[in-house]
Amino acid sequence: MTTDPNDIAKRRAALFWLGSVHSRSGWIFWYGSATGQYWAAHANAMMLICGDTPDELDRSIHRFCAPRHAPRGPRHLPPRPWPGRRPEMRRTRPVPA
């Protein structure tokens, strides 16, 4: 176990990076000083994953928890036109001669 301040700063930066990448997915990250590995846990999925490096842990998370369906276009539909606003329903005024 090393207590070098540079190593601790690198570990904290790696944990911060993992947390920012997976911030909305419900993962919790930590470094196990007894094992020397990076760990991640997801309570809802009942998963516990470890990796020797932050990149290995990130790849493991993506491999086990890949999205099942690819996104299909925009999330929100475009606004629907109001019934009286469509061009074919507008009344035109007669043009004075």
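Between the CD1 atom of I49 and the CZ atom of R59 there is a distance of 13.0 Å, given to the nearest 0.5 Å. To the nearest 0.5 Å, the span separating CH2 on W30 from CG on L15 amounts to 10.5 Å. If you take CG on D7 and CZ on R12, they are separated by 12.0 Å, rounding to the nearest 0.5 Å. Note: R11 CZ to I8 CD1 = 6.5 Å, rounded to the nearest 0.5 Å.
In this view, H42 satisfies the side-chain hydrogen bond (donor to acceptor under 3.5 Å, both in side chains) rule with no residue, not counting sequence neighbours. Applying the side-chain hydrogen bond (donor to acceptor under 3.5 Å, both in side chains) test to Q37 and every residue at least two apart in sequence or in another chain returns D52. Contacts of T35 classified as side-chain hydrogen bond (donor to acceptor under 3.5 Å, both in side chains), with partners at least two apart in sequence or in another chain: W39. With sequence neighbours excluded, no residue forms a side-chain hydrogen bond (donor to acceptor under 3.5 Å, both in side chains) with D55. Take Y31 and apply the ring pair (Phe, Tyr, Trp, His ring centres under 6.0 Å) test, not counting sequence neighbours, and it matches Y38.
Linking ILVMFWY side-chain heavy atoms closer than 4.5 Å, directly or via other members, places W17 and F29 in a single hydrophobic cluster.
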Begin with the C-alpha distance, continue with both residues' side-chain angles, and end with the deciding distance and a verdict on side chain to side chain contact (heavy atoms under 4.5 Å, CB included) for L18 and W27. CA-CA 9 Å; L18 286 167; W27 287 95; over 6 Å; no
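Minimum heavy-atom separation, G51 to L57: N-CD1, 4.1 Å.
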